[in-house]
Amino acid sequence: SQTIHQWPATLVQPVGSPLSLECTVEGTSNPNLYWYRQAAGRGLQLLFYSVGIGQISSEVPQNLSASRPQDRQFILSSKKLLLSDSGFYLCAWSVKGALGDTQYFGPGTRLTVL
Amino acid sequence: QKEVEQDPGPLSVPEGAIVSLNCTYSNSAFQYFMWYRQYSRKGPELLMYTYSSGNKEDGRFTAQVDKSSKYISLFIRDSQPSDSATYLCAMSPPQAGTALIFGKGTTLSVSS
């Protein structure tokens with residue numbers, strides 16, 4: 001069966017510090033991968049998605065970046081965090097080529113920027 | 001007009017009640033419809049998946065799609081306190097590899 005991991009679970013960082021969140025998927029090959037941010041009252045915001053190694057599409061302009069160094073690894077980064085980067089970050093995967101693109105989410109990382 | 005509209009609630013019901021959660025959408029190209037359940041401080045989990053119009057039942061849960069009205073519903077029968085969560089609807093256009101469009105979620109509280 002497929003499993004998706006995210007770490008860390010919670011993170012408190014000062015403004016201006018760097019960020020690295022990691023997501024890995026087990027039990028599947030060549031998945032589509034996604035990063036979302038969920039802020040209170042604002043729903044899920046798609047940040048990045050990837051259809052393969054090194055292939056990243058950005059949905060919104062921001063000071064965040066994403067990378068996919070391996071097939072089942074997706075990393076969210078920032079060089080300098082802003083207060084507005086606080087939120088709940090979710091990684092998700094879907095089967096490539098599957099109609100309907102049902103996505104399966106990880107447990108999330110709660111980021112607080114102070 | 002937003003692509004997907006979902007009443008955020010909160011919705012509070014007593015245990016045993018029938019709950020109706022709804023979403024409307026504007027894009028008639030949507031063909032795949034999903035409901036996710038998200039407990040507090042957890043990632044969303046897929047609850048129901050439907051294609052095209054009609055009903056789909058899974059235990060106490062029924063997903064209903066009315067494509068002519070661009071309206072989807074999730075019914076929960078005999079609601080339990082463990083159903084207390086945020087419910088998100090999601091939709092996908094027919095092209096593979098297209099990101100889902102999510103509603104903002106409805107927060108449900110079931111009291112015992």
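Labels below follow one simple rule: chain letters A, B, ... track the order of the sequence lines, proteins then strands, and each chain is numbered from 1. Worth knowing before you read on, the calculation uses all heavy atoms, side chains too, and leaves out hydrogens, waters and symmetry mates.
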Tell me whether Lys67(B) at atom NZ has more than 12 heavy atoms from other residues, nucleotides or ligands lying less than 6.0 Å away. yes
Hydrophobic cluster identity match, [X] and [Y], side-chain contacts under 4.5 Å:
X: Leu33(A); Y: Leu46(B); value: yes
X: Leu111(A); Y: Ile75(A); value: no
X: Leu19(A); Y: Leu83(A); value: yes
X: Tyr49(B); Y: Phe75(B); value: no
X: Val15(A); Y: Leu81(A); value: yes

In Å, rounded to the nearest 0.5 Å, how long is the span from [atom1] of [X] to [atom2] of [Y]?
X: Tyr36(A); Y: Phe102(B); atom1: OH; atom2: CZ; answer: 4.5 Å
X: Lys104(B); Y: Gln45(A); atom1: NZ; atom2: CD; answer: 10.5 Å
X: Arg41(B); Y: Phe88(A); atom1: CZ; atom2: CZ; answer: 8.0 Å

Donor-acceptor pair, Tyr36(B) side chain versus Gln103(A) backbone, under 3.5 Å? yes
Leu90(A) side chain reached by Gln38(B) side chain, heavy atoms, under 4.5 Å: yes
Under 4.5 Å from any heavy atom of chain A, what part of Tyr51(B) do you find: side chain, backbone, both or neither? neither
Select one option (side chain, backbone, both, neither) describing which atoms of Pro44(B) are under 4.5 Å from chain A's heavy atoms. both
Checking Gln6(A) against chain B: side chain, backbone, both or neither under 4.5 Å from a heavy atom? neither
